[in-house]
There are 4 protein chains.
Amino acid sequence: MNCPFKKPRWTRRKEARPQELLAAALDLFVERGYAATRLDDVAAQAGVSKGTLYLYFANKEELFKAVVRENVVPVLGEAEEIVGSFQGSTAELFREIAHGWWDRIGNTKLSGITKLMVAEANNFPEVARFYHEEVIHRGNAMIAHMLERGIERGEFRSIDVKQAMNILCAPMIMLMLWKHSFGALGHGEAAMSPDKYLDSFIDLFLHGVLKPAALTPSR
Amino acid sequence: MNCPFKKPRWTRRKEARPQELLAAALDLFVERGYAATRLDDVAAQAGVSKGTLYLYFANKEELFKAVVRENVVPVLGEAEEIVGSFQGSTAELFREIAHGWWDRIGNTKLSGITKLMVAEANNFPEVARFYHEEVIHRGNAMIAHMLERGIERGEFRSIDVKQAMNILCAPMIMLMLWKHSFGALGHGEAAMSPDKYLDSFIDLFLHGVLKPAALTPSR
Amino acid sequence: MNCPFKKPRWTRRKEARPQELLAAALDLFVERGYAATRLDDVAAQAGVSKGTLYLYFANKEELFKAVVRENVVPVLGEAEEIVGSFQGSTAELFREIAHGWWDRIGNTKLSGITKLMVAEANNFPEVARFYHEEVIHRGNAMIAHMLERGIERGEFRSIDVKQAMNILCAPMIMLMLWKHSFGALGHGEAAMSPDKYLDSFIDLFLHGVLKPAALTPSR
Amino acid sequence: MNCPFKKPRWTRRKEARPQELLAAALDLFVERGYAATRLDDVAAQAGVSKGTLYLYFANKEELFKAVVRENVVPVLGEAEEIVGSFQGSTAELFREIAHGWWDRIGNTKLSGITKLMVAEANNFPEVARFYHEEVIHRGNAMIAHMLERGIERGEFRSIDVKQAMNILCAPMIMLMLWKHSFGALGHGEAAMSPDKYLDSFIDLFLHGVLKPAALTPSR
DNA sequence: CATGAATGAGTTTTCATTCAT
DNA sequence: CATGAATGAAAACTCATTCAT
């Protein structure tokens with residue numbers, strides 16, 4: 001009350017604020033969903049008051065959009081690069097991509113965005129469209145590119161690229177979704193071992209697409 | 001008005017009421033998510049008053065749980081039956097299961113439950129645990145059972161059943177999630193063709209697990 | 001707490017509610033202005049809870065509009081009737097109108113609407129326009145009608161009817177505004193005596209418009 | 001950056017600051033009303049930061065009071081002067097006053113203060129009282145003075161000065177209120193022509209008070 | 001003096017829940 | 001059993017006010 005050393009109620013850090021708020025919002029949106037996330041809690045988790053949040057984001061929806069936008073852009077470029085310039089066998093390329101994805105996205109807070117978008121796409125068609133164009137479409141193209149490379153080089157069977165692309169992405173996406181839904185339950189059996197999961201996934205997929213000839217020597 | 005012999009214009013089995021409410025709730029929960037679904041609307045869609053809803057369900061959460069429980073459990077028995085008593089090759093069994101799932105669940109309103117659970121698992125750990133035990137665990141066991149059958153009968157390679165089980169489910173689950181998230185956007189490329197998707201999925205998976213010997217004759 | 005004779009929290013009176021709420025809202029809007037009126041208080045004054053208000057009015061603005069609309073329409077018809085069918089001298093007609101207005105509007109809660117509209121016209125152009133058409137315009141027409149009658153019958157000087165109409169209304173409107181602004185201060189001198197005010201007004205106005213010939217005999 | 005001789009690009013008299021703030025506040029209070037005026041906007045319109053406002057005014061209410069006080073008092077002295085020292089006929093004096101009022105107040109931003117006070121008198125009894133004493137009372141006294149002058153000099157009829165004073169002010173006040181309420185609607189008929197209005201007002205009033213003898217020659 | 005980031009009390013609005021009829 | 005009027009807790013959002021810089 002009359003303590004002479006009152007802690008300042010805030011410190012000036014305009015530049016850092018938006019990022020802190022976005023990080024807090026990402027966490028809570030992912031954990032609870034859009035509607036169940038109270039802006040009070042976002043602010044609290046960012047260490048500021050509710051009002052401060054409104055200095056940086058016009059309203060809850062804008063915050064949501066910013067969370068998605070902010071976490072979407074940076075990772076895909078790299079992967080596209082790799083696919084475009086890779087030298088080795090396409091099987092190797094696929095291993096590279098799968099592990100790279102896991103290290104850079106799947107095993108990262110970024111995986112939460114996927115969960116968020118799946119859960120809220122219906123409520124935010126506009127954001128969903130944006131996400132589809134910026135992430136899904138580009139990611140799909142990259143995978144398709146890889147599959148075509150494998151086919152063209154005679155390594156892969158001649159498969160329906162478009163469908164395989166979707167099927168191939170599914171196990172990776174599911175791993176992310178699991179982490180942010182049932183994975184949180186932490187019950188023994190429900191726990192997945194991502195490493196083993198990835199290994200099996202790669203093995204299964206390669207057996208699924210490689211020509212029989214290519215299989216025997218490699219394993 | 002006070003005619004003592006007024007015959008009711010219609011009669012309805014009292015037992016039917018909860019089902020109508022559950023159906024309405026399923027529709028709306030799936031369409032809008034848990035929080036965005038107003039009990040007013042559920043009641044209205046079921047053709048009853050809001051108060052009536054509370055005669056059958058203690059509160060919104062119980063309604064949600066009932067929706068999940070009611071819609072989810074009965075479908076699994078059938079599938080377990082099939083796996084247990086199937087006579088043909090395991091590849092045939094898999095085709096059977098995949099198409100059966102699509103007809104009975106994936107292509108049905110029930111697919112919305114999956115989306116719902118992924119989106120809300122964190123908010124309802126209790127329901128999530130129930131769902132995990134009653135649905136995911138049983139479904140997984142069934143798939144594992146099938147994989148083991150294939151291995152034991154010498155049809156499938158010797159793979160890590162536990163991981164393969166998860167990986168195998170992913171494309172089917174994703175198809176359901178897609179339907180209730182980005183699928184609703186309806187933009188040209190985003191649209192998936194479930195039939196082709198299923199065919200490719202089956203083909204890819206069988207190539208992934210069948211022994212090379214078993215592959216050549218079949219295609 | 002455990003009193004066995006709990007008073008019912010509400011009584012069913014759907015039909016009466018809107019009127020009660022409108023009356024309460026009129027009082028408070030007039031007294032405090034639109035912005036300073038809390039819907040909590042409106043509800044409390046009407047003896048219901050805040051939520052109830054929203055059963056009848058979509059939001060604060062709609063409540064405001066309803067308050068204006070509801071209190072505005074009914075009174076003017078009468079006056080128009082009188083002007084149209086009056087038999088005596090126009091001076092008498094004017095006295096009739098002035099006193100009638102005072103009894104039916106000026107000295108009534110309805111006068112508050114005038115204050116309200118003057119204070120809030122800028123913030124609700126739509127309502128202002130409605131009020132202008134339904135009240136001001138009709139009221140003006142009635143006064144103009146009376147003035148023209150006086151001129152046509154040779155009782156009044158030939159004046160600019162349109163301007164005189166506005167000027168003539170001013171003292172009556174001011175009396176209403178005063179009641180709901182400074183009049184509430186209740187300080188000795190500020191208090192106006194409406195009766196004397198009306199008498200002086202009538203006298204002054206008639207001297208202002210009557211032809212000299214008509215003046216001498218009457219006073 | 002740390003050049004010790006940086007000359008300020010501009011200098012401004014510190015004393016001018018409050019005036020700019022008062023001017024901005026007057027504009028916005030008049031345009032939007034007390035509650036709807038944000039101090040942010042006042043500061044912005046005055047070209048300073050919000051914090052600066054609080055260097056000069058303790059809070060919003062004090063700013064409001066200052067706006068009223070500052071703009072209202074100085075104008076009355078002049079008018080009192082004129083009434084006290086006028087040489088010609090009282091009819092001439094009245095014309096002088098009416099036109100002077102229109103030029104110095106009615107047709108000025110200051111007219112907004114009147115509207116403001118009518119709208120907010122109830123919410124600020126203290127300001128209302130101040131306004132009543134400093135403005136209304138003095139204004140009334142001046143008008144009464146003029147009326148008495150007319151009566152004493154045998155120009156005016158012997159009327160109830162106190163009432164006539166109020167009635168006489170009404171049309172002028174109404175013209176100001178109109179400007180800031182319905183006048184803003186700008187619809188054809190609602191538009192008043194202040195010049196004609198003033199002429200008619202003067203004519204009507206003089207006919208109302210002048211003795212018949214004084215009337216005939218002048219018109 | 002001036003700034004503007006931060007605050008938090010206060011208001012509108014929504015909607016799950018209750019309960020007299 | 002069924003109804004729907006009424007409730008009030010909860011959440012989004014605003015803005016006057018403060019205060020470290």
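Throughout, protein chains are lettered first and strands after them, A, B, ... in sequence-line order, and every chain is numbered starting at 1.
One P atom belongs to E:dC1, the other to F:dT21, and the distance between them is 22 Å to the nearest Å.
The nearest whole Å value for the distance from the CG atom in C:Leu21 to the P atom in E:dT12 is 14 Å. With rounding to whole Å, D:Asn59 atom CG is found 5 Å from F:dT17 atom P. The interatomic distance linking B:Phe64 (CZ) with E:dA16 (P) rounds to 14 Å, in whole Å.
Legend: residues meeting side chain to side chain contact (heavy atoms under 4.5 Å, CB included) with D:Phe130, ordered by chain and number and at least two apart, are D:Val68, D:Arg69, D:Val73, D:Glu134. Listed by chain and number, the residues in a side-chain hydrogen bond (donor to acceptor under 3.5 Å, both in side chains) with C:Asn59 amount to none (sequence neighbours excluded). Applying the side-chain hydrogen bond (donor to acceptor under 3.5 Å, both in side chains) test to D:Gln45 and every residue at least two apart in sequence or in another chain returns D:Asp27. C:Ala43 meets the side chain to side chain contact (heavy atoms under 4.5 Å, CB included) test with C:Val48, C:Leu53; sequence neighbours excluded. D:Glu61 is linked by a side-chain hydrogen bond (donor to acceptor under 3.5 Å, both in side chains) to nothing, counting only residues two or more places apart in sequence or in another chain. By the side chain to side chain contact (heavy atoms under 4.5 Å, CB included) test, D:Ala66 pairs with D:Leu22, D:Phe57, sequence neighbours left out. With sequence neighbours excluded, the residues satisfying ring pair (Phe, Tyr, Trp, His ring centres under 6.0 Å) with C:Phe64 are C:Phe29, C:Tyr34, C:Phe124.
Between C:Gly51 and A:Lys50, the residue anchored nearer the 5' end of DNA chain E, judged by the nucleotide with its closest heavy atom, is A:Lys50.
Sorted by first and then second residue, the salt bridge (Lys or Arg N to Asp or Glu O under 4.0 Å) pairs with a member in residues 28-39 of chain B read B:Arg32-B:Asp41, B:Arg38-B:Asp41; sequence neighbours excluded. Sorted pairs that involve residues 51-60 of chain D and meet salt bridge (Lys or Arg N to Asp or Glu O under 4.0 Å), not counting sequence neighbours, are lacking altogether.
Phosphate contact (OP1/OP2 of E:dT3, side-chain N/O of D:Tyr54, threshold under 4.0 Å): absent.
One finds a salt bridge joining C:Lys65 and C:Glu62 here, because a Lys/Arg side-chain nitrogen approaches an Asp/Glu carboxylate oxygen to under 4.0 Å.
Of the candidate nucleotides E:dT17, F:dA2, F:dT7, F:dT7 has the atom lying nearest to any side-chain atom of C:Val48. Closest approach to the C:Ser49 side chain among E:dA6, E:dT3, F:dG8 is made by F:dG8 (side chain taken as heavy atoms from C-beta onward).
Against DNA chain F, the stretch residues 22-32 of chain B makes no heavy-atom approach under 4.0 Å. Listed by residue number, the members of residues 35-45 of chain C with any heavy atom below 4.0 angstrom from DNA chain E are C:Thr37, C:Arg38, C:Leu39.
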side-chain contact (heavy atoms from CB on, under 4.5 Å) assessment of A:Glu70 paired with A:Gln19: CA-CA 9 Å; A:Glu70 196 72 7; A:Gln19 294 309 321; 3.2 Å; yes
Paired and unpaired positions of DNA chain E as dot-bracket, Watson-Crick or G-U wobble under 3.5 Å, | denoting a partner strand: .||||||||||||||||||||
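Between the side chain of C:Lys60 and the base of E:dT13 there is no donor-acceptor pair of N/O atoms closer than 3.5 Å.
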